[in-house]
Amino acid sequence: MENTALEQEVNRQLAVLRRGTAEIISERELGEKIRVSLRTGKPMRVKLGADPSAPDLHLGHTVVLGKLRQFQDLGHQVVFIIGDYTARIGDPSGRSKTRPPLSGEQIDCNARTYFEQVYRILDPQRTEVRYNGEWLSVLSFEEIIRLASRFTIQQILERDDFSKRYHAQVPIFVHEFFYPLMQSYDSVAVEADVELGGTDQKFNFLLARELQVQHGQAAQVALMMPILAGLDGVQKMSKSLDNYIGIAESPVDMYGKCMSIPDGIMGQYYTLLTDVPETEIADIQRRIVEGTLHPMAAKKRLALLVTERFHGSTEAAAAQANFEAVFSRRVSTASADIAYEDVPLPGDLSGQPDVGVVDLLFMVGAAASKSELRRLVQQGGIEVNGERIADIGFRVSLRDLPLRMRVGKKRFLSVNRE
RNA sequence: GGGUAGGUGGCCGAGCGGUUAAUGGCGGCAGACUGUAAAUCUGUUGGCGAUGCCUACGGGGGUUCGAAUCCCUCCCUGCCCA
């Protein structure tokens, strides 16, 4: 009787946690850990390591964070590790290049901005934050050597990114080999029951399991989420590739960026970023193939759901309306129902009757250089109050403000008096 | 330590004394079209007070009327040997 209820709960938790995962090593062990946790009333310790070099969170990060949140909702404890010490090395994960190391101040500052964002998803009450410098900085050289002696170069070279670089004859520095060791040692230090991350972390997770066993602990369960593709649909979402959707972005940009993903990765986005049931997602995909559901309609719903998650339904609906006005109905800048970015008229222009388009746009910060703006004009990418400007010498009258301008496809400016 | 091949624009990669701001590809941007900031096609892609000027081919120095291209020197990387 007791036992049946327990097993039901174990299965319920497993079902929740399984959704969207790429791999769990192993599911049986996870079930066992949940069972023990329920019996003893001791929550599982679920580890996530974060690299403090990229303080702007994007949707790619939310895939793993969302999964952590599910653990919390099931009563478990998240152990969030800031890799301050690791950041001084430069994580080679998924990279073809060595990362530059970070300074202490940068790391602190990054960590602060990081948590402002992380707590939009995680429950601070069930989150324990640790810096790995706490235990890594006190290791003696002898201890480090001993740690390193447990693994072989060949094992480390098994790692995909290392072996790629090795075969491509791209330099791999010796210190980079320590990254997996440090991360694994983190698991030992915090006695992790489960570790979460992307599939690119698999090697590190497995290494941690071995190291924990060597230290007399039970091996952690490794739970890997798929890597979210970026806007290009091919590479992983990342800031450095500039193919990301930031969680702090405006509703309009968030919606628009969602609409710019290739049709082919919609399914992935649905599973990893929304809570639409998996059966329904399969149904959506089937109907697109059949031709009974327009891909654009499916994508609009996705964009709406994602935007709602971070901005609420009112803002999301407004973003959708704006998108339809600008891109479906192609409303010109003469219209008022477009989301404009307000910019003040530069001070030294007040009193002037008119100004050259290029100069005005430059002063207002619409582009990095005047050459770029000239190019935009010549290519027909500039519109002022609904009129496309073709001449780079065009002078804009400053008599009637606000001035509505379109710069390129997606920037809309409204120049106002201060 | 020895030998050898290299370091070119956001990235990859040609050029090897003179129309070379530097072929090409990727990426970016714009336009057309459309089903969306999808797809496809076309154009464009260092900066500026602009028929010219400035900056740029790892750093510094030199040869020359003229260098990314030749010489010296320093720094960095791959590969082979020890």
Side-chain angles (χ1 to χ4, degrees), chain A residues 59 95-98 100 162 164-176 229-246 249-270 284-285 287-307 319-332 338-339 341 355-359 361-363 366-383 388-393 405-412:
Chain A
L59 294 186
R95 291 222 153 197
S96 48
K97 274 186 194 163
T98 308
F162 281 138
K164 270 189 196 135
R165 282 161 66 182
Y166 186 74
H167 291 296
Q169 307 193 331
V170 174
I172 301 172
F173 293 89
V174 175
H175 73 278
E176 297 183 59
L231 300 180
D232 55 286
V234 182
Q235 310 224 60
K236 74 175 205 176
M237 184 176 283
S238 86
K239 198 185 176 190
S240 52
L241 292 172
D242 196 29
N243 64 354
Y244 68 99
I245 305 177
E249 288 193 70
S250 75
V252 166
D253 283 340
M254 197 176 261
Y255 189 94
K257 282 189 175 184
C258 284
M259 290 306 287
S260 81
I261 64 169
D263 292 351
I265 61 168
M266 271 196 276
Q268 186 194 354
Y269 272 48
Y270 264 107
I284 290 170
Q285 293 192 294
R287 286 168 55 212
I288 289 175
V289 174
E290 273 176 4
T292 54
L293 176 66
H294 201 294
M296 183 175 68
K299 206 186 283 179
K300 278 169 118 175
R301 182 177 168 208
L302 171 71
L304 191 68
L305 287 170
V306 170
T307 311
Q320 184 165 61
N322 181 69
F323 185 87
E324 284 165 353
V326 175
F327 299 106
S328 304
R329 286 185 282 119
R330 319 225 157 234
V331 170
S332 83
I338 289 176
E341 187 183 324
V355 63
V357 239
V358 171
D359 291 322
L361 286 169
F362 183 73
M363 283 190 248
S369 74
K370 290 189 184 178
S371 298
E372 191 179 327
L373 288 164
R374 270 181 218 110
R375 235 175 273 135
L376 271 169
V377 173
Q378 281 160 351
Q379 295 180 140
I382 303 290
E383 217 176 83
R388 178 179 284 185
I389 305 302
D391 171 20
I392 58 169
M405 298 196 286
R406 178 177 194 161
V407 185
K409 259 186 247 194
K410 48 206 177 210
R411 286 196 75 186
F412 293 88

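All values below were derived from every heavy atom in this structure, side-chain atoms included, with hydrogens, water molecules and symmetry-related copies excluded.
Here CE of A:Met259 is found 10.5 Å from CG of A:Leu304. Values are rounded to the nearest 0.5 Å. A distance of 4.5 Å separates CZ of A:Arg301 from CD1 of A:Ile284, quoted to the nearest 0.5 Å. Between the OH atom in A:Tyr255 and the CD atom in A:Glu324 there is a gap of 6.0 Å [rounded to 0.5 Å]. Between atom CG of residue A:Leu376 and atom CD1 of residue A:Ile392 there is a gap of 12.0 Å, rounded to the nearest 0.5 Å. Considering CG of A:Leu241 and CD of A:Gln235, their distance stands at 5.0 Å, rounded to 0.5 Å. The distance from atom NZ of A:Lys300 to atom CG of A:Leu305, rounded to the nearest 0.5 Å, is 13.5 Å.
For the P atoms, the distance linking B:U73 with B:G3 amounts to 14 Å, nearest Å. Atom C1' of B:G46 sits at a distance of 32 Å from the matching atom of B:A38, rounded to the whole Å. As rounded to the nearest Å, B:G59 and B:G7 have C1' atoms that lie 12 Å from one another. Between the C1' atoms of B:G66 and B:G18, the separation comes to 6 Å (whole Å). One P atom belongs to B:A5, the other to B:U23, and the distance between them is 27 Å to the nearest Å. Here the separation of B:C26 from B:U44, taken at their P atoms, is 15 Å to the nearest Å. Comparing B:U51 with B:U64, their C1' atoms are spaced 29 Å from each other, to the whole Å. Nucleotides B:G24 and B:G15 have their C1' atoms positioned 11 Å apart, rounded to a whole Å.
Backbone-only engagement by A:Gly408 is indicated by non-hydrogen atom pairs under 4.0 Å involving sugar-phosphate atoms exclusively. Residue contacts shown for A:Val377 are absent, as no nucleic acid heavy atom lies under 4.0 Å away. Contacts of A:Lys370 with the nucleic acid, taken as non-hydrogen atoms under 4.0 Å apart, involve only primed sugar atoms and P, OP1 or OP2. Note on A:Arg411: nothing from the nucleic acid sits closer than 4.0 angstrom, heavy atoms only. Contact annotation for A:Pro295: base contact, defined as any heavy-atom pair under 4.0 Å involving a base atom. Residue contacts shown for A:Tyr255 are absent, as no nucleic acid heavy atom lies under 4.0 Å away. Within the 4.0 angstrom heavy-atom criterion, no nucleotide atom of any strand lies near A:Asp242. Among the heavy atoms of the strands lying under 4.0 Å from A:Lys299 is at least one base atom, whether or not backbone atoms are also near.
When the C1' atom of B:U36 is taken as reference, atom CE of A:Met296 falls 6 Å away, rounded to whole Å. As a whole-Å value, the separation of A:Leu231 CG from B:U36 C1' is 13 Å. Whole-Å rounding puts the A:Leu373 CG to B:G46 P distance at 15 Å. Counting to the nearest Å, the P atom of B:A38 and the NZ atom of A:Lys300 are 15 Å from each other. Residue A:Phe327 contributes atom CZ, which lies 16 Å from atom P of B:C33 at whole-angstrom precision. Counting to the nearest Å, the C1' atom of B:U45 and the CD atom of A:Glu372 are 9 Å from each other. Note: CD1 (A:Ile265) to P (B:A39) measures 10 Å, nearest angstrom. Between the CG atom of A:Leu376 and the C1' atom of B:G43 there is a distance of 13 Å, given to the nearest Å.
When both distances must be under 3.5 Å, the Watson-Crick or G-U wobble mate of B:U77 is B:A5. Using the Watson-Crick or G-U wobble rule with both distances under 3.5 Å, B:G18 pairs with B:C65. Pairing for B:G27 goes to B:U45, judged as Watson-Crick or G-U wobble with the two contacts each under 3.5 Å. Base-pair partner of B:C57: not found among the strands shown (Watson-Crick or G-U wobble, both distances under 3.5 Å). B:A39 is unpaired under the criterion used here, namely a Watson-Crick or G-U wobble arrangement in which both key atom distances are under 3.5 Å.
A donor-acceptor pair is defined here as one N or O able to donate and one able to accept, closer than 3.5 Å; such a pair exists between the side chain of A:Asn322 and the backbone of A:Ala339. Panel note: side chain A:Arg165, backbone A:Pro171; a donor-acceptor pair is recorded below 3.5 Å. In this structure, the side chain of A:Tyr270 engages the main chain of A:Ala298 through a donor-acceptor pair within 3.5 Å.
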N/O contacts under 3.5 Å, protein versus nucleotides 78-82 of chain B?
{"from": "B:G78", "atom 1": "O2'", "to": "A:Gln169", "atom 2": "OE1", "distance (Å)": "3.1"}

Between protein and nucleic acid, restricted to nucleotides 20-27 of chain B and to nitrogen or oxygen atoms under 3.5 Å apart, what atom pairs and distances do you find?
none

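Taking side-chain N and O atoms only, A:Ser328 has a distance below 4.0 Å to OP1 or OP2 of B:U36. Within the 4.0 Å cut-off from OP1 or OP2 of B:U36, not a single side-chain nitrogen or oxygen of A:Ser260 is found. An OP1 or OP2 oxygen of B:C29 is reached within less than 4.0 angstrom by a side-chain nitrogen or oxygen of A:Lys410. Dashed line: the shortest gap from a side-chain N or O of A:Arg329 to OP1 or OP2 of B:U36 is not under 4.0 Å.
With sequence neighbours excluded, the residues forming a side-chain hydrogen bond (donor to acceptor under 3.5 Å, both in side chains) with A:Glu341 are A:Arg411, listed by chain and number.
Minimum atom distance to the side chain of A:Arg375 is reached by B:G47, of the listed B:G47, B:G35, B:A32. Each of B:U36, B:A37, B:C48 was ranked by its minimum atom distance to the side chain of A:Ser371; first place goes to B:C48. Among the nucleotides B:A38, B:G31, B:C29, the one closest to any side-chain atom of A:Arg388 is B:G31.
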Decide yes or no on side chain to side chain contact (heavy atoms under 4.5 Å, CB included) for A:Asp263 and A:Lys299, but give the supporting numbers first. CA-CA 8 Å; A:Asp263 292 351; A:Lys299 206 186 283 179; 2.9 Å; yes

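Checking each of A:Asn243, A:Val306, A:Ile245 against A:Lys257 for a side chain to side chain contact (heavy atoms under 4.5 Å, CB included) leaves exactly one that passes, namely A:Ile245.
Map A:Val326 and A:Ile382 each onto its nearest nucleotide of RNA chain B; the residue landing nearer the 5' end is A:Ile382. Both A:Ser369 and A:Gly380 lie close to RNA chain B; mapped to their nearest nucleotides by heavy-atom distance, the more 5′-ward contact belongs to A:Gly380.
Taking 3.5 Å as the limit, the base of B:G31 and the side chain of A:Gln379 contain no donor-acceptor pair of atoms between them.
In this structure, A:Leu373 and A:Phe362 approach most closely via the heavy-atom pair CD1-N, 3.4 Å.
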